[in-house]
K.L.:
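Let me give you the structure first, and then I'll get to my questions.
Bear in mind the structure is a predicted one, so any value in this text is a computation, not a measurement. Counting starts at 1 for both ligands and their atoms, in listed order.
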Amino acid sequence: MSYYTHLECTYCNEKHDANMVQTVCKKCGKPLFAKYDLEAIKENVTRQELVDRESSMWRYWELLPVKSRKNMVSLGEGWTPMTHTPRVGKEIGLKDLWIKDEGIIPTGTFKARGLAMAISKAKELGITRVALPSAGNAAGSMAAYGARAGMEVYVFMPKDAPKVNMVESEIVGAKVVLVDGLISDAGKLVKEGTDIMNWFNVATLGEPFRIEGKKTMGLEVAEQFDWKLPDVIVYPTGGGTGIIGMWKVFDELEGLGWIGSERPRMVSVQAEGCAPIVKAYEEGKQESEFFPNAATKAAGLRVPKALGDFLVLRAARDSGGKCIAVSDDELMADVAQISRAEGLFVCPEGAATMSALKRMIASGDVDKDERVVLFNTGSGLKYTDLFDVKAPVVDPSKAFDYKSLQ
Ligand SMILES: *Cc1c(COP(=O)(O)O)cnc(C)c1O
Ligand SMILES: [Zn+2]
């Protein structure tokens, strides 16, 4: 069973009813967190029991907000590989380097976790029509899970979002709207349409449950390393739900006594062309400001202002980690380096974590003996538009110079 009890504001701690549809805090407008009866879980469940459970994020049922299994909307998301990457590790001088590979997940990115959870919980609360502003990948995931739940799905994304996101959303039946602007403009349109269309807005941290799906990444990191968290986790940050979710669940795990008080240093990575949280971090601020002219090839990082920015900053600072911006040239070069060394065709956002790690090694922020986990948040297969092919074209009626391939 689920031990979900209620919602609590991340800013002013105001409590909210778990059995009603909720968005953000009624008092202050900040994001809400789901809370659980950790004492009861502690009495009834051991971490050893998890071993035989399903190979998906739903193995952590007690720590998830969906009450009834019949409301679970799943395509098999989660329990992704934790891949040791010694070849690329050697290239950069780290022995204990790992990549948590979210490329192997329904819809091709970790967005599936958040939207599987949000759609399941929406179903449980009786919602049948959902809308979402997205930089691209979230739209694809919501469209898929919405279809599976039999809901009406509306997605708004920038008109220069990756084409694959428009196609995957439309093919599974969502109504797609392309916005001549950024995700923030798409967000305004969804918000303003709420009264007219009577849809539920599933925008990042505008509802409490996407984060509950994302936090399962932190649970898997813990379990896959036998409940000993790594020294450093490097995560690419757009809206921030990945890093916030993991940080949240580490506290829950400590509450259960399944881990101790030690934490990884949480490193939040953004692209130089859209780095509002890094800017706030460097200026010692608690919140970010809208980042003008946001542009990067790592489309998932193109979020000029995140509702949960203060929570990302808190996780980075409280853990002794940091926030780092890297250039598109660096991250594109690292797509190639990781892919060649390990056979993992990573997404640009995932590769950005390698670019940041290289900077931290150079500055002495990471030691060569430390255990580091990079998050590849999606499959490179969703980004083929960004790459040129250098293959020769051969006329089969003529003699082919095979040696030219070497
Ligand atoms: C959305 C996205 C991110 C950013 O994730 P947040 O949790 O919103 O910070 C990173 N990588 C990919 C591939 C994404 O789609
Ligand atoms: Zn509040």
Side-chain angles (χ1 to χ4, degrees), residues 7-16 22-33 100-103 105 107-115 132-142 157 161-162 164-165 168 183 202-206 208 210-211 213-218 233-248 266-271 274-278 288 296-313 315-316 323 331 335 345-353 356 374-383 386:
L7 293 160
E8 214 168 280
C9 177
T10 50
Y11 196 77
C12 76
N13 301 327
E14 178 79 3
K15 290 189 175 167
H16 292 65
Q22 305 280 3
T23 54
V24 291
C25 178
K26 287 197 181 104
K27 251 183 154 175
C28 75
K30 296 285 188 190
L32 300 173
F33 269 1
K100 176 76 170 151
D101 188 16
E102 297 287 303
I105 204 168
T107 73
T109 74
F110 82 111
K111 292 285 193 308
R113 294 180 189 261
L115 286 148
L132 172 83
S134 168
N137 286 325
S141 295
M142 189 169 85
M157 67 180 95
V164 62
N165 298 133
E168 63 175 344
I183 185 176
V202 196
T204 300
L205 290 166
R210 281 172 70 181
I211 202 113
K214 303 283 184 79
K215 82 177 184 186
T216 59
M217 293 186 290
I233 289 179
V234 193
Y235 200 92
T237 302
T241 53
I243 207 161
I244 297 167
M246 284 194 278
W247 192 242
K248 173 180 191 281
M266 305 296 284
V267 178
S268 160
V269 183
Q270 297 198 297
C274 181
I277 292 176
V278 177
S288 66
T296 168
K297 288 180 176 166
L301 307 187
R302 206 158 60 121
V303 181
K305 165 75 184 165
L307 195 58
D309 51 1
F310 70 104
L311 297 169
V312 176
L313 288 159
C323 303
L331 63 89
V335 170
F345 185 9
V346 298
C347 63
E349 295 86 345
T353 62
L374 305 180
F375 264 84
N376 176 42
T377 41
S379 170
L381 294 174
K382 293 194 94 171
Y383 295 82
L386 295 178

K.L.:
Centre-to-centre under 6.0 Å for Phe375 and Phe110, is that the case here?
P.N.:
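When the ring centroids of Phe375 and Phe110 are compared, they turn out to be at least 6.0 Å apart.
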K.L.:
Just to confirm my output: which protein heavy-atom neighbour is closest to atom 5 (O) of ligand 1, and how far is it?
P.N.:
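Going by distance alone, atom 5 (O) of ligand 1 is nearest to Phe110 CZ, 3.2 Å.
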K.L.:
Between Lys382 (side chain) and Asn137 (backbone), is there a donor-acceptor pair under 3.5 Å?
P.N.:
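Between the backbone of Asn137 and the side chain of Lys382 there is no qualifying donor-acceptor contact (under 3.5 Å).
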K.L.:
Take the Zn ion (ligand 2) as the vertex and measure to SG of Cys25 and SG of Cys28; round to 10°.
P.N.:
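SG of Cys25, the Zn ion (ligand 2) and SG of Cys28 span an angle of about 110°.
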K.L.:
Which heavy atom of the protein is the closest neighbour of atom 11 (N) of ligand 1, given with residue, atom name and distance?
P.N.:
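I find the closest protein heavy atom is Thr377 OG1, 2.7 Å.
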K.L.:
Which heavy atom of the protein is the closest neighbour of atom 14 (C) of ligand 1, given with residue, atom name and distance?
P.N.:
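The answer is Lys111 NZ, 2.9 Å.
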K.L.:
Please indicate whether any nitrogen or oxygen in Gly242 is less than 3.5 Å from any nitrogen or oxygen in ligand 1.
P.N.:
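Looking only at distances, the answer is yes, because the N/O contact criterion of under 3.5 Å is met.
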K.L.:
Taking only heavy atoms of Gly240 into account, list the atoms of ligand 1 that are under 4.0 Å away from them.
P.N.:
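Those qualifying, in numeric order: 6 (P), 7 (O), 8 (O), 9 (O).
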K.L.:
Within 45 degrees of the ring normal and closer than 6.0 Å to the centroid, is that where the cationic atom of Lys30 sits relative to Phe310?
P.N.:
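So Lys30 does make the cation-pi contact.
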K.L.:
Starting from atom 4 (C) of ligand 1, which protein heavy atom do you reach first, and at what distance in Å?
P.N.:
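Going by distance alone, atom 4 (C) of ligand 1 is nearest to Gly238 N, 3.4 Å.
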K.L.:
Is a donor from one side chain sitting under 3.5 angstrom from an acceptor on the other, for Tyr383 and Glu349?
P.N.:
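There is such a pair (donor and acceptor under 3.5 Å, judged by atom type) between the side chains of Tyr383 and Glu349.
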K.L.:
Looking only at protein heavy atoms, which one is nearest to atom 8 (O) of ligand 1, and how far off is it?
P.N.:
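Ranked first by proximity to atom 8 (O) of ligand 1 is Gly239 N, 3.0 Å.
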K.L.:
Non-hydrogen atoms of Thr204 versus ligand 1: any pair closer than 4.0 Å?
P.N.:
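So Thr204 does not count as touching ligand 1.
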K.L.:
Considering only heavy atoms, does Thr241 approach ligand 1 within less than 4.0 Å through its side chain, its backbone, both, or neither?
P.N.:
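Both backbone and side chain.
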K.L.:
Give a yes or no answer on whether the side chain of Ser134 reaches the backbone of Ala139 with a donor-acceptor pair at less than 3.5 Å.
P.N.:
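Between the backbone of Ala139 and the side chain of Ser134 there is a qualifying donor-acceptor contact (under 3.5 Å).
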K.L.:
Backbone N or O of Ala135 within a donor-acceptor pair of the Asn165 side chain at under 3.5 Å?
P.N.:
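Answer holds: no.
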K.L.:
Checking side-chain polar atoms at under 3.5 Å, does Thr241 have a donor or acceptor matched by the opposite partner on Thr204?
P.N.:
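Per modelled atom types, Thr241 and Thr204 side chains form no pair under 3.5 Å.
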K.L.:
Could you walk me through whether Glu102 and Lys111 pass the salt bridge (Lys or Arg N to Asp or Glu O under 4.0 Å) check?
P.N.:
CA-CA 9 Å; Glu102 297 287 303; Lys111 292 285 193 308; over 6 Å; no
K.L.:
Which atoms of ligand 1 sit under 4.0 Å from any heavy atom of Asn137?
P.N.:
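Those atoms are 13 (C), 14 (C), 15 (O).
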K.L.:
Report, in ascending order of atom number, the atoms of ligand 1 lying under 4.0 Å from any heavy atom of Gly300.
P.N.:
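Counting from 1, the qualifying ligand atoms are 1 (C), 2 (C), 3 (C), 4 (C), 14 (C).
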K.L.:
Closer than 3.5 angstrom, by distance alone: can the side chain of Gln270 be matched with the main-chain N or O of Ile277 as a donor-acceptor pair?
P.N.:
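Yes, Gln270 side chain to Ile277 backbone: donor-acceptor pair under 3.5 Å.
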K.L.:
So is Phe375 close enough to ligand 1, meaning a heavy atom under 4.0 angstrom away?
P.N.:
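Phe375: no contact with ligand 1 (<4.0 Å).
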K.L.:
Using a distance-only test with no angle check, is there a side-chain donor-acceptor pair under 3.5 angstrom linking Thr296 and Arg302?
P.N.:
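Checked: Thr296/Arg302 side chains show no N/O donor-acceptor pair below 3.5 Å.
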K.L.:
Tell me the angle that SG of Cys9 and SG of Cys12 form around the Zn ion (ligand 2), rounded to 10°.
P.N.:
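Seen from the Zn ion (ligand 2), SG and SG are separated by roughly 110°.
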K.L.:
Which ligand 1 atoms are under 4.0 Å away from a heavy-atom of Tyr383?
P.N.:
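In order of numbering, the contacting atoms are 13 (C).
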